[in-house]
Amino acid sequence: MKWTLMLVFLGQTVAYTIPTVRFEYPGTRGFRASIPDTPGLEMFAFHARLNKPFERFEEGDYAEDVTRPDENGMWTYDTNKPVLQNGTIIYYWVYVQFDNQGYWLTDKKHTVLRTKSTVAPKTAAPRPAATPKPTTTTVAPCPPTLTTYNGGQSTCAGKLIFEDTFEQGSFAPKWQHEIRIPLDTDSAEFVSYQNLPDNSYIAAGRLVIVPTLVNMNADYTDERIRTGDLILQGCTSPTNNPYECQRKAARSTILPPVVSAKLNTKNYFRFRYGRVEIRAKLPKGDWIFPQLFLQPYENYYGYADYASGQMWIAHILANRMLVARDGKQIDGHRLRGGVLITNSGPVRSDFLRSNLNDDHFGDQFHVYGLVWTPEQILLTIDGFQYGAVRTNFRQHAQQHNLTQANLWNAEAPLAPFDREFYVSLGVGVGGVKDFPDLSQTGPSKSAKPWNNTSPKAEYFFYQNRNTWYRTWTEPELTIDYVRVYAL
């Protein structure tokens with residue numbers, strides 16, 4: 001049966017059917033999947049896996065949301081990841097937006113057969129203008145989904161429920177700035193988060209978040225950093241804690257030596273269960289880390305010690321070279337994602353998954369993804385799944401004597417990740433949790449300048465600024481787009 005959406009305009013009926021997906025093989029690795037452009041086409045979402053059928057609208061091992069046609073008039077997904085032998089079956093599904101309507105092409109498969117006609121030329125050549133023969137298309141009904149948003153509102157499976165491509169050039173109304181000094185409920189980063197144009201701005205359709213030294217402001221002399229005070233007007237402390245809103249420097253306590261920015265969708269968009277994609281270029285520089293997080297909207301299970309959880313979409317220690325005490329490489333070549341259920345001890349990293357890369361993750365843009373269901377949390381990079389978390393967090397936490405676990409919903413295996421969360425983007429520096437003591441950075445293997453348990457950790461970090469600040473040649477986090485889809 002063929003399903004076609006019929007739109008009536010001034011008595012004329014307009015129909016759209018997803019064309020047959022064309023497969024090509026540009027080289028010995030990978031494949032290319034495409035459909036021809038047509039006026040009204042707004043997005044081509046392609047999801048595939050090898051030799052394993054889909055059960056429903058799952059993420060896929062090879063996936064991308066294509067938002068514009070290429071120079072040849074084709075909407076194209078291209079990957080060089082898999083080595084494909086003849087006979088490999090590519091199972092795939094497609095979602096297309098056309099004139100603000102959604103279409104699905106489901107339960108499809110393609111068998112790899114490399115012939116002269118299917119191997120693409122090394123240089124791009126004009127493609128046939130003729131539209132391929134249409135295939136069976138499922139018109140967009142509203143399939144049920146477990147995803148809800150903004151206080152329990154319902155939606156449809158596969159629907160794009162949040163998007164910002166930063167083309168409008170404004171933070172409002174989707175984003176608000178955090179204005180606060182982080183405490184040890186997080187990583188006690190050596191920063192103050194503020195809403196300043198030097199630290200967060202939108203340029204050329206991209207959001208840029210960049211940390212700066214506080215003494216770049218002439219008002220902050222070295223003497224003031226050691227003995228002065230900082231009062232943050234418009235402070236957004238979630239618990240109205242005065243220590244997040246002001247600081248008096250004295251003795252071992254100094255003012256935060258770095259100013260940065262952190263933005264979130266808390267007042268505009270939050271959701272429960274879904275798929276997140278963020279295309280971003282991560283920062284590079286010693287003792288910097290990006291924050292691409294999902295944070296709990298209401299802190300239903302409590303605020304302290306991550307009692308309500310936190311999800312990491314993407315996180316790196318942005319040093320170009322950083323080696324732990326045991327010789328393990330932990331710098332910007334190692335991507336981490338997953339969840340936190342405590343801020344304490346080794347349990348803090350029990351549910352973080354890693355992916356190593358030959359190149360620093362700040363060298364180029366990547367699409368960082370997280371899929372959140374009631375049973376599991378999946379982590380992806382450029383459509384490739386590199387990690388999964390499938391655990392009864394309550395049982396795990398009780399085994400490690402975490403008192404917050406007693407409050408978690410016993411009927412939800414993934415609690416505390418069973419409430420609404422919002423998107424949070426920022427850049428942190430230093431802190432007393434993420435950078436292990438006795439680690440060494442750079443070709444010279446310089447020692448980390450502070451100890452995480454020292455009351456003067458921030459002071460020793462600041463004293464070493466002439467060394468680490470020289471590495472901040474690309475300290476910015478650049479976001480191309482943020483998208484959230486219903487499951």
Would you indicate whether [X], at its atom [atom1], is surrounded by more than 12 heavy atoms from other residues, nucleotides or ligands within a distance under 6.0 Å?
X      : atom1 : value
Gln153 : CD    : yes
Lys52  : NZ    : no
Phe384 : CZ    : no
Lys174 : NZ    : yes
Gln168 : CD    : no

Apply the test side chain to side chain contact (heavy atoms under 4.5 Å, CB included) to residues Tyr300 and Asn409: give CA-CA distance (whole Å), side-chain angles for both, the deciding distance (0.1 Å), then the verdict.
CA-CA 11 Å; Tyr300 181 79; Asn409 182 0; over 6 Å; no
To the nearest 0.5 Å, what is the distance between [atom1] on [X] and [atom2] on [Y]?
X      : Y      : atom1 : atom2 : result
Tyr459 : Ile254 : OH    : CD1   : 8.5 Å
Leu340 : Trp312 : CG    : CH2   : 5.0 Å
Lys266 : Tyr422 : NZ    : OH    : 4.5 Å
Asn357 : Asp363 : CG    : CG    : 8.5 Å
Tyr62  : Thr79  : OH    : OG1   : 6.5 Å
Thr453 : Asp437 : OG1   : CG    : 6.0 Å

Contact check, side chains of [X] and [Y], non-hydrogen atoms, under 4.5 Å:
X      : Y      : answer
Leu378 : Leu370 : no
Gln463 : Trp450 : no
Ile181 : Leu230 : yes
Leu335 : Tyr368 : yes
Tyr77  : Phe31  : yes
Leu294 : Gln310 : no
Met43  : Asp65  : yes
Val339 : Tyr306 : no

Any luck finding a side-chain donor-acceptor pair between [X] and [Y] under 3.5 Å?
X      : Y      : result
Gln404 : Asn406 : no
Gln385 : Asp61  : no
Ser192 : Gln194 : yes
Arg320 : Thr473 : yes

Without swapping roles, check the side chain of [X] against the backbone of [Y] for a donor-acceptor pair under 3.5 Å.
X      : Y      : value
Asn392 : Gln395 : yes
Ser260 : Val427 : yes
Thr342 : Val347 : no
Arg394 : Ala405 : yes
His400 : His396 : yes
Thr145 : Leu487 : yes

Residue pairs passing the salt bridge (Lys or Arg N to Asp or Glu O under 4.0 Å) test with at least one member in residues 458-469, sequence neighbours excluded, are Asp222-Arg465, Arg247-Glu458
If the plane angle is over 60° it's perpendicular, under 30° parallel, otherwise tilted; pick one for Phe269 and Phe162.
parallel
Name the orientation class of the two ring planes belonging to Trp93 and His47 (parallel below 30°, tilted from 30 to 60°, perpendicular beyond 60°).
parallel
Which residue pairs pass the disulfide bond (SG atoms under 2.5 Å apart) test with at least one member in residues 196-254, sequence neighbours excluded?
Cys235-Cys245
Between Arg390 and Glu375, is a salt bridge (Lys or Arg N to Asp or Glu O under 4.0 Å) present by the stated rule, with each step listed?
CA-CA 6 Å; Arg390 305 181 184 94; Glu375 293 82 28; over 6 Å; no
Contacts of Phe365 that satisfy side chain to side chain contact (heavy atoms under 4.5 Å, CB included) - sequence neighbours left out
Arg206, Arg279, Lys281, Thr478, Asp480
Take Glu163 and Arg483, measure what salt bridge (Lys or Arg N to Asp or Glu O under 4.0 Å) needs, and give me the verdict at the end.
CA-CA 4 Å; Glu163 180 182 40; Arg483 294 181 179 131; 2.8 Å; yes
Evaluate side chain to side chain contact (heavy atoms under 4.5 Å, CB included) for Ile278 paired with Val367, printing each intermediate quantity in order.
CA-CA 5 Å; Ile278 300 177; Val367 178; over 6 Å; no
Is it true that [X] and [Y] have ring centroids separated by less than 6.0 Å?
X      : Y      : result
Trp472 : Trp287 : no
Phe461 : Trp468 : yes
Phe46  : Trp75  : no
Phe271 : Tyr149 : no
Tyr193 : His177 : no

Test the Arg270-Tyr297 pair against the cation-pi criterion, namely NZ or CZ under 6.0 angstrom from the six-membered ring centroid and within 45° of the ring axis.
yes
If you draw the axis of the six-membered ring of Tyr25, does the NZ or CZ of Arg32 fall within 45° of it and under 6.0 Å from the ring centre?
no
Exactly one candidate in Phe421, Phe417, Tyr485 meets ring-ring contact (aromatic ring centres under 6.0 Å, His included) with Trp372; the answer is Phe421
Tell me, with the steps shown, if Gln291 and Glu189 meet side-chain hydrogen bond (donor to acceptor under 3.5 Å, both in side chains).
CA-CA 12 Å; Gln291 301 162 311; Glu189 308 94 285; 3.2 Å; yes
Provide the full list of ring-ring contact (aromatic ring centres under 6.0 Å, His included) pairs with a residue in residues 214-241, sequence neighbours left out, each pair given once.
none
Could you please spell out the steps behind the salt bridge (Lys or Arg N to Asp or Glu O under 4.0 Å) verdict for Asp434 and Arg348?
CA-CA 10 Å; Asp434 293 305; Arg348 186 178 190 269; 3.0 Å; yes
Which residues pass the side chain to side chain donor-acceptor pair (under 3.5 Å) test with Asp382, sequence neighbours left out?
His366
What do the steps show when you test Asn264 against Gln295 for side-chain hydrogen bond (donor to acceptor under 3.5 Å, both in side chains), and what is the final call?
CA-CA 9 Å; Asn264 65 62; Gln295 298 193 172; over 6 Å; no
Below 3.5 Å, can you tabulate the donor-acceptor pairs from side chains in residues 209-219 to any protein atom, sequence neighbours excluded?
| from | atom 1 | to | atom 2 | distance (Å) |
| --- | --- | --- | --- | --- |
| Thr212 | OG1 | Asn199 | ND2 | 3.0 |
| Asn217 | OD1 | Asp219 | N | 2.9 |

